[in-house]
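Here's the structure, in structure tokens; my notes come after.
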Amino acid sequence: MSKHLDVWKVSKIYETPSGPVEAVSEASFSIREGEFVSILGPSGCGKSTLMMMMAGLEDVSEGVIIERDKEVTGPRPDVGLIFQEATLLPWVSVIDNVLFPVRILKRPRRDYEARAHELLEMVGLKDFHQHRPAQLSGGMRQRVAICRALILDPPLLMMDEPFSALDAITRDEMNVALLDIWQRHPKTGVLITHSIREAVLLSDRVLVMTRRPSTVVCDISIPFERPRDPRIVESAEFNRLCNQLRGYIESGYAADQNNRYRSAAAAVATTE
Ligand SMILES: Nc1ncnc2c1ncn2[C@@H]1O[C@H](COP(=O)(O)OP(=O)(O)O)[C@@H](O)[C@H]1O
Ligand SMILES: [Mg+2]
């Protein structure tokens, strides 16, 4: 499978009043077409920064990000984005929120209306299209945000802790909904999450980032076949993978191991 995104030795240094803050340090990895990759790491380690750079919403300080043979230099409409807060427009209905990207790009609304209703039905909000965001629960609002991110059928969907503000039961429901969406509309996905179980359930690969200035220290393949049955969470293999990842995160990865991974990653990249 060909590469969709190639992140090559990417660093980010924020200039702040109290001096420069190195948020990401020489992160390198690739994501293939159609692959779903999760990124795990402690708070403040630079995950959002990395995603913003991949989305073209934040410049890289060093390194390069390539999307399908073109350098990422700014935002583009073929990337769907979902954040922790649903950030819906409070004064317009659910259906108008879902169709908002269509309006922004001045495309004909009628070409997308049927798809908007289909997406709302898929996430269980068929009868809520005329509601206002204030009339919905947090989980329902986040489902609307997912529909909005999918309305233009972007080949790449990036999600930054999309379910972190939800209660555990709603979160499990959203995981199953996302698994279902992926089965029906295969695309490339990047998910930033604090949940190891969520990462293992949904992903083809899981990357772990260290504390700041952070880089990618481990890259694990999740071998479960698709379509995936959510009941894989009960399997021994699922729990083994979760424990393995937990071990990597908790050990924080000793500096020497970190350096070893970096030189290994650099060696792989230079031979490609
Ligand atoms: N716009 C910014 N200006 C200055 N520092 C920032 C900015 N955004 C993030 N940072 C800093 O960069 C580091 C990484 O932040 P972030 O990418 O949000 O981490 P994460 O998403 O992993 O919690 C943090 O120390 C944060 O304070
Ligand atoms: Mg973040």
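This structure is a prediction, so every number in the text was calculated from the model and none was measured. Both ligands and their constituent atoms are indexed starting at 1 by order of listing. These numbers come from the heavy atoms of this one structure, side chains and all, not from hydrogens, waters or symmetry mates.
- Under 4.0 angstrom from ligand 1, the non-hydrogen atoms of Ser43 all belong to its backbone.
- Between the side chains of Ser195 and Glu198, no donor-acceptor pair is found at a separation under 3.5 Å.
- In this structure, Arg197 has no salt bridge (Lys or Arg N to Asp or Glu O under 4.0 Å) partners at least two apart in sequence or on a different chain.
- The presence of a protein heavy atom under 4.0 Å from atom 2 (C) of ligand 1 is confirmed.
- Ion pairing of Arg68 with Asp78 is absent here, as no side-chain N (NZ or NE/NH1/NH2) approaches a carboxylate O to less than 4.0 Å.
- Taking atom 9 (C) of ligand 1 as the reference point, the nearest protein heavy-atom neighbour is Tyr14 CE1, 3.4 Å.
- Numbered from 1 in the order shown, with element, the atoms of ligand 1 that lie under 4.0 Å from a heavy atom of Thr16 read 4 (C).
- Looking at atom 25 (O) of ligand 1, its nearest protein heavy atom turns out to be Arg212 NE, 3.1 Å.
- Comment: Glu58 engages Lys12 in a salt bridge, judged by a side-chain N to carboxylate O separation of less than 4.0 angstrom.
- Remark: minimum distance from atom 18 (O) of ligand 1 to any protein heavy atom is reached at Ser48 CB, 3.8 Å.
- In terms of protein heavy atoms, atom 19 (O) of ligand 1 is closest to Gly46 N, 3.1 Å.
- The number of heavy-atom neighbours closer than 6.0 Å to CD of Glu15, taken from other residues, nucleotides and ligands shown, is above 12.
- Any protein N/O/S atom under 2.8 Å from the Mg ion (ligand 2) was counted, giving 1 altogether.
- At a distance under 4.0 Å, no protein heavy atom can be found next to atom 27 (O) of ligand 1.
- Shown here is Asp111, whose CG atom has more than 12 heavy atoms of other residues, nucleotides or ligands within 6.0 Å.
- His194 and Glu161 share a side-chain donor-acceptor pair at under 3.5 Å.
- An N or O contact shorter than 3.5 Å is missing between Glu58 and ligand 1 by distance.
- For Thr49, heavy-atom contacts with ligand 1 shorter than 4.0 Å involve the backbone as well as the side chain.
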Do any side-chain atoms of residues 117-134 form donor-acceptor pairs under 3.5 angstrom with protein atoms, and if so which ones, sequence neighbours left out?
from   : atom 1 : to     : atom 2 : distance (Å)
His129 : ND1    : Lys126 : O      : 3.2
Arg132 : NH1    : Trp91  : O      : 2.6

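- The N/O atoms of Ala23, backbone and side chain alike, include none that comes under 3.5 Å of an N/O atom in ligand 1.
- Per-residue contacts place Cys45 under 4.0 angstrom from the following atoms of ligand 1 (heavy atoms of the residue considered): 19 (O), 20 (P), 22 (O).
- Connection of Leu89 to Phe83 is not established within any shared hydrophobic cluster, with ILVMFWY side chains joined at heavy-atom distances below 4.5 Å, either directly or through further cluster members.
- Counting only distance, with no hydrogens or angles, the side chain of Arg141 and the backbone of Leu136 share a donor-acceptor pair below 3.5 Å.
- Taking only nitrogen or oxygen atoms, main chain and side chain alike, Gly44 reaches within less than 3.5 Å of ligand 1.
- Taking CZ of Arg148 as the start and CG of Leu81 as the end, the distance is 9.5 Å to the nearest 0.5 Å.
- Residue Tyr14 shares its hydrophobic cluster (ILVMFWY side chains chained together at separations under 4.5 Å) with Val21.
- Between Lys47 and ligand 1, at least one N/O pair is under 3.5 Å apart.
- In this model, no donor atom of one side chain and acceptor atom of the other lie less than 3.5 Å apart for Arg240 and Asn243.
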